[in-house]
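Note that ligands are numbered from 1 as they come in the structure, with each ligand's atoms numbered from 1 the same way.
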Amino acid sequence: MTRAHRMLAPLLAAVLAAAACLPEADPVGRSLMEMARYLGSDVVRTLARGYVPGRSGEIVLVPEPWNVLGQWSGGVRGPDDPRTSHSTPWAYHQQVPLSLYGPGFVRPNRLARRPVDVADLAPTLAELMEVEFEAPDGRVLRESLVPRAARPRPPRAIVVVVIDGGGWNVLQQWPEAWPAQRRLMRGGTTFTNATVGSAPTVTAPIHATIGTGAYPRVHGIAENTGRLPDRSIGDVTRGRGDLSMMRSETLAAVLRRTTDGRAWVGMLGHAWWHLTLLGPGDPADRDIAVVWDVGNATFTTNTSLYRLPSYLPSRSVLDRRLRELDATDGALDERWNDDTLSEDSYTFTGNPAFAAYQGDAARAIASREPIGQDEVTDLLFVELKTADVAGHIWNMLNPEVEAVLKVQDRTLEELVKILDRRVGRGEYVLAMTADHGQSPVPDAVGGLRIDRSLLLEDVNAEFGSVVEALHPGDLYAGEAEPDLLEEMARFIGDYRFVDGMPPGPSIDEAPGDRLDERVFAAALPGWFLMNLTEAEISGLGPGHHEEGDLRVPVEL
Ligand SMILES: [Ca+2]
Ligand SMILES: [Ca+2]
Ligand SMILES: [Zn+2]
């Protein structure tokens, strides 16, 4: 029973008694097609590209723009509660920087306004490497490249820097925090109308798209936590960097194969999900791949596929950086301002000291590995995660995120210095992008908070306990038949703020005139998305919200 129903229970009972003799009422809410038209072509296409039958949730959830579907354990901590999630097909999560820089290979000082997405990166880099690579979905970003005839040979190295959670809306929020990135973006070719191409806009699926040139519906990584082959719902890498769920070959694998392992390939990342950039390694080759072991607070890798370098910066380097940060507030107390820096806290990997330590690791790899030392093109991925973690802790509107972005920008600048020195100017190409934007605090932008556990309770109460799990972007109900999924989707599409309003102070401050507002733009069963033809998707029209227009260039 939803909260509105609970409040209206006595009245409802009377109405129901009176209505008992009437024929069955029409299904609740809007039809699936009405909801799809409300989203519009761009958004529905984005959802369909991200949908993997049998692995994604059975119903795709799209909150109204700026609304946040979250877990508010302990209730909302006031209107400024910084916790948000990101997974939507709306422009503020979809739009990311996409730039190539590399004198001699990439056209300089160029802005390209054509709508493109991160799936185009892998085939473009393959073109530069002169490697045969059929990207399932991406296309070569031809206008960014110096014509083939004018390129003497492939670059000696290609370095791809991905800023996790570094989408346009985060960069625009902190315009002074990324001077090196801006300079490099302006110095090369920047696509001002680039998106991640699919939703949910979360780490694993989008990194897999960057690595493969395929959308999730093809590469098979639907979610960070999604349905596994044994039908349970869990981490798609089983929490240990298992990449057996990837269905598409990565550019890294193709490079390794076509050069008989002579190309150097490697990655510095943070979460197991970032290994999707490289794909399953070759056990014979044992390229380097570095992620962070949160439980043991140390670098790690999946040693059956990859190798962990021995020279990574030691724990004492991180401790020194943490002490320096700790002291900036005037008290050496294992806190940065009001927040703990202790090893078992989420803050430990979200602060500027940790970002600097990741920078130490990136510099060590770029300085020590044989990158760009011979004619065979090498490929290094550097994934900077800290700004995303900081956003989840403090929110993108707060200056802690700016502080982290600044540190990461220095890492980028130092990487370029090392490449200039070791590989040489005019001998390498740098690609820069991000996997998604972030969500501002809802109260700051007119959004509403929706409580995931209340929604789950209400759907289960209405339809029998069919929901296995509810994530920010999808709902899992593997046993439900298509008709039931349609009814559930319509119910969620008609869900009101008052029904899923999270507990906490916000309940008293809740805008009374918005209590009855619908909080979801749409809820669509996967089967419905999969049945839509491209012609039908194109025919849906522009949709109701400007945030659903994914063809608007940004200013650099
Ligand atoms: Ca302190
Ligand atoms: Ca090489
Ligand atoms: Zn995130």
Inset, instruction - Give the name of the N/O/S atom in His86 that lies closest to the Zn ion (ligand 3). - result: NE2
Legend entry - Residue pair Asp388 / His86, side-chain donor-acceptor N/O under 3.5 Å: yes
Legend entry - Degrees at the Ca ion (ligand 1) between the O atom of Arg335 and the OD2 atom of Asp329, nearest 10°: 80°
Legend entry - Pair Asp293-Asn296, side-chain donor/acceptor within less than 3.5 Å: yes
Legend entry - Proximal heteroatom of Asp333 relative to the Ca ion (ligand 1) (N/O/S): OD1
Inset, instruction - Flag this pair as yes if the NZ/CZ of Arg240 is under 6.0 angstrom from the six-membered ring centre of Trp272 and inside a 45 degree cone about the axis; otherwise no. - result: no
Legend entry - Check: Tyr92 ring centre within less than 6.0 Å of Trp66 ring centre: yes
Inset, instruction - Please find out if the Ca ion (ligand 1) and some N, O or S atom of Leu341 are separated by less than 3.0 Å. - result: no
Inset, instruction - Would you tell me whether Glu383 and His270 have side-chain atoms, one donor and one acceptor, within less than 3.5 Å of each other? - result: no
Legend entry - Under 3.0 Å: N/O/S of Glu334 next to the Ca ion (ligand 1): no
Legend entry - Arg262 near the Ca ion (ligand 2) via N/O/S, less than 3.0 Å: no
Inset, instruction - Indicate if the distance from the Ca ion (ligand 2) to the nearest N, O or S atom of Asp374 falls below 3.0 Å. - result: yes
Inset, instruction - Check whether any N, O or S atom of Leu332, backbone or side chain, sits closer than 3.0 Å to the Ca ion (ligand 1). - result: no
Inset, instruction - Round to 10° and report the angle made at the Ca ion (ligand 1) by O of Asp326 and O of Ala331. - result: 80°
Inset, instruction - Would you indicate whether Arg425, at its atom CZ, is surrounded by more than 12 heavy atoms from other residues, nucleotides or ligands within a distance under 6.0 Å? - result: no
Inset, instruction - Mind reading off the angle at the Zn ion (ligand 3) between the NE2 atom of His392 and the OD1 atom of Asp388, rounded to 10°? - result: 100°
Inset, instruction - May I ask you to decide whether Arg410 forms a salt bridge with Glu414, counting only side-chain N to carboxylate O separations under 4.0 Å? - result: no
